[in-house]
Amino acid sequence: MVNDSAHPSEAATRDAAATDGGTRAVRSVSTVAIAGSGFAGLGAAMRLRNQGIDFVVLERAGEVGGTWRDNTYPGCACDVESYLYSFSFMPSAQWTQWYSPQPEIQTYLQRCARDSGVLEHIRFHHEVCTATWDGAQWQIETNHGTFTAQFFIMATGPLSDPAMPVIETFRGKIFHSARWDHAYELTNKRVAVIGTGASAIQFVPEIQTRVAKLHLFQRTPPWVLPRLGCTIPLWQRRLFHALPWLQRLERWRIYLYRELTMPLFRHPAMMRRVQRLALWNLNRAIKDPQLREKLTPRYVMGCKRILLSSKYYPALARPNVEVVTSGIAEYREHSIVDGDGIEREVDAILLGTGFRPTEPPLGPFIRGRNGVTLAALWNGSPRAHLGTTIAGLPNFFILPGPNTGTGHTSLLCLIEPQVEHSIAAIRWMHANGISAIEPREDVQAAFNAQIDERMQGTVWMTGGCASWYIDRTGRNSTLWPDFTWKFRRRAMQFDEHEYVCT
C-alpha cells in the first residue's frame, strides 16, 4: 500500500506494461486513484507523493487546473487574496496582483504539478465514466480503460460542469462563461447576458466597451463590494522570496482577518450594518434612481455569495447597457422576449448561469457497497462525515465535499485538512492491516446534525434569498457554518472509532 522506496515513475511503468496494442486495457494502480487535477486533486497528489504513497491522477482534460483551467472569460480573477488562495505547503512569491487573475492561478497550478513531481502521475484525457467498489477495491472505468485502486479520491470539484439552460430555438451564438468562445468576435454585436453571479460581474465590464448593445437579464441583484486589490510591487515579491517567513506571516494576517468576519454570517443583524458599505458602493456609482432600484438587493448581504468589483456598477450605467428584470418568456431565432412581452433582437447569448454544486455529474455513476450509487445515498442532499468520507462508500474520499465550502475565506483552508485526514486514514490502515473503512452511519448522522444545528440562524438560512448553497431538500449542504480552524482541528486527526473497519 505505502511504498517509501518506490520510484515516482513506478505507476507510469506499470500502466504502460498493461496496455494491449491500443485496445482498452486494465491498468492496475496499487493504492490511490484521484479524479481531477484542480486545487483539490493536485493538493492530494502532492501530499501523497510526499508520503511515498503510490497514486495516479485521472484528468479528463489535457491540462491541470480544473475550474481555473476552464474559466478563461475576460476579467476572470479570484476574490480571495493570492497569498491565502494557494497551498500553505507550496507558497509562491511570484503573485503580481493582490487578487490573482485566472492566468496567474493557472500558471501557479501548472508549476505546482511540475515542481512537486506529480505531473508524470497524471493521465490526461482520461475521463472517469464509472467507479465501482467490488468488495475489495475500486474499479474505475475511463474512456481509455479500467484502473483498479484500493482508494478512490473524487476531486472533480463542485464547479466543474456548468448549468446550461435549454435554448433550442435561438439561431445565434450561445456559450457559457465557463466555456468561453474566444474565436467569436463580440465587437459591435448585440449581446444578451443571462445571470448576474460571480462570473457575470467580472466579464460584463470587460465586454461592455466592445459590444453595440448589452441586455443584462437579472433575476436577483447581487450584493457587490468594491474590489480594493492592487498590484503587488516588485520589491515586496523580492522580499518574500528572500525571507519566506515574512510571506507566511502575511498569509496568517490575511487568514485572521478573514476569520474575524465569520460572526457576520452567523448573526444577520451584524451583517445588516456592514451591508451599508455595499449600499454606499451602489449609490455612488448608479445615479439613475430607476436603475438603482433594479440593482438594490432585497435580502440580507451574505445570503448569496458576496461579490467584489469596482467596475460592474459603472459598466451598467453606460448608455449601451440595459438591465432587464422582468424575466424571459421566450427565445426566438434571433431575439429574446421578456416577461413584459418586449422583444429584443440579439446576435449572441452569453450564459452566466453558474453550476450545480449539490448534484455532481458523477453521482449516478459511482457505486459503493451493495451497488448503491452516490446519487441514491444522497437523494438530493449531500452528506458526509467531516465532509470527506461517506457511509456506504468504502475507501472513498471526496475533496471538497459536502459542507466544506466557505462564504468568508479561502477554500484551501478546508481542502488541506481534508487531504491530511485522507492520508492519515490510509497510513493508519496500512499500519494496522486494515483493507477497507467507511464512516459509521451514526457518526456521520451526528456530524451532519451538528452542522444543521449550527447552520440555524445564519444569514444563509434566514437572509431571505434562494441561493445555490441550498440543495433541493432545503438544506444548506454546501457551506461550513463556523470558523475554519474548528474544522481543521477536527479533520486533521483520524479517529478509527468513527469508522467501520474491515
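Contact check for Ile366 versus Phe152: side-chain heavy atoms found under the 4.5 Å cut-off. For the pair Pro382 and Asp471, the minimum side-chain heavy-atom distance is below 4.5 Å. In this structure the side chain of Gln275 reaches within 4.5 angstrom of the side chain of Val300, judged on heavy atoms. The closest side-chain heavy-atom distance from Thr404 to Ile415 is not below 4.5 Å. Side chains of Arg454 and Arg266 form a contact here, defined as non-hydrogen atoms less than 4.5 Å apart. For the pair Thr389 and Phe397, the minimum side-chain heavy-atom distance is below 4.5 Å. In this structure, Trp95 and Ile105 have side chains that are in contact, with non-hydrogen atoms separated by less than 4.5 Å. Residues Asp452 and Arg475 form a side-chain contact, since some pair of their non-hydrogen atoms from C-beta on lies under 4.5 Å apart.
Note on ring orientation: taking the six-membered ring where Trp is involved, the planes of Phe265 and Trp460 are parallel (angle under 30°, cut-offs 30° and 60°). The aromatic rings of Tyr85 and Phe39 stand perpendicular to each other, their planes meeting at an angle above 60°, with 30° marking the opposite boundary. Ring planes of Phe55 and His121: parallel class, angle under 30° (limits at 30 and 60°). Ring-plane geometry between Trp485 and Phe483 is classed as parallel, the angle between the planes falling under 30 degrees on a 0 to 90 degree scale with a further cut at 60. The aromatic rings of Trp480 and Phe447 lie parallel to each other, their planes meeting at an angle below 30°, with 60° marking the opposite boundary. The aromatic rings of Phe494 and Trp428 are tilted relative to each other, their planes meeting at an angle between 30° and 60°.
Distance check, rounded to the nearest 0.5 Å: CE of Met271 to CZ of Arg276 gives 13.5 Å. Separating the CZ atom in Phe89 from the SG atom in Cys112 is a distance of 7.5 Å, to the nearest 0.5 Å. Between the CE atom in Met301 and the CG atom in Leu277 there is a gap of 7.0 Å [rounded to 0.5 Å]. With rounding to the nearest 0.5 angstrom, the CH2 atom of Trp68 is 10.5 Å from the CD atom of Gln106. Here the CD1-CD distance, from Ile53 to Gln150, works out to 10.5 Å after rounding to the nearest 0.5 Å. Distance check: Ile232 CD1 to Gln94 CD gives 11.5 Å after rounding to the nearest 0.5 Å.
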query: Going through the checks in order, is the salt bridge (charged side-chain N to carboxylate O under 4.0 Å, His left out) test met by Glu81 and Arg251?
result: CA-CA 9 Å; Glu81 296 85 349; Arg251 179 187 175 93; over 6 Å; no
message: Pair Glu420, Arg488 - check salt bridge (charged side-chain N to carboxylate O under 4.0 Å, His left out), show working.
response: CA-CA 10 Å; Glu420 297 306 320; Arg488 183 179 183 86; over 6 Å; no
query: Can you list the steps and then say if Glu259 with Thr484 is a side chain to side chain donor-acceptor pair (under 3.5 Å)?
result: CA-CA 7 Å; Glu259 286 292 273; Thr484 61; 3.1 Å; yes
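Of the possible polar contacts, one joining the Arg69 side chain to the Glu63 backbone as a donor-acceptor pair under 3.5 Å is found. Panel note: side chain Arg356, backbone Ala163; no donor-acceptor pair is recorded below 3.5 Å. Between the side chain of Asn320 and the main chain of Leu214, no donor-acceptor pair closer than 3.5 Å is present. In terms of modelled atom types and a separation under 3.5 Å, the side chain of Thr196 and the main chain of Thr220 share a donor-acceptor contact.
Here Phe175 and Trp180 bring their ring centres to under 6.0 angstrom of each other.
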Residues 73-80 side chain polar contacts: donor-acceptor under 3.5 Å, at least two apart:
residue, atom, partner, partner atom, Å
Tyr73, OH, Gln202, OE1, 2.7
Asp79, OD2, Arg305, NE, 3.4
Asp79, OD2, Arg305, NH2, 2.9

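With respect to Glu416 and Arg47, no salt bridge is recorded, no charged nitrogen being found less than 4.0 Å from a carboxylate O. Between Lys311 and Glu206 there is a salt bridge, since at least one side-chain N of the basic residue sits less than 4.0 Å from a carboxylate O of the acidic one.
For the side chain to side chain contact (heavy atoms under 4.5 Å, CB included) with Leu58, the lone residue among Thr156, Asn143, Ile140 that qualifies is Ile140.
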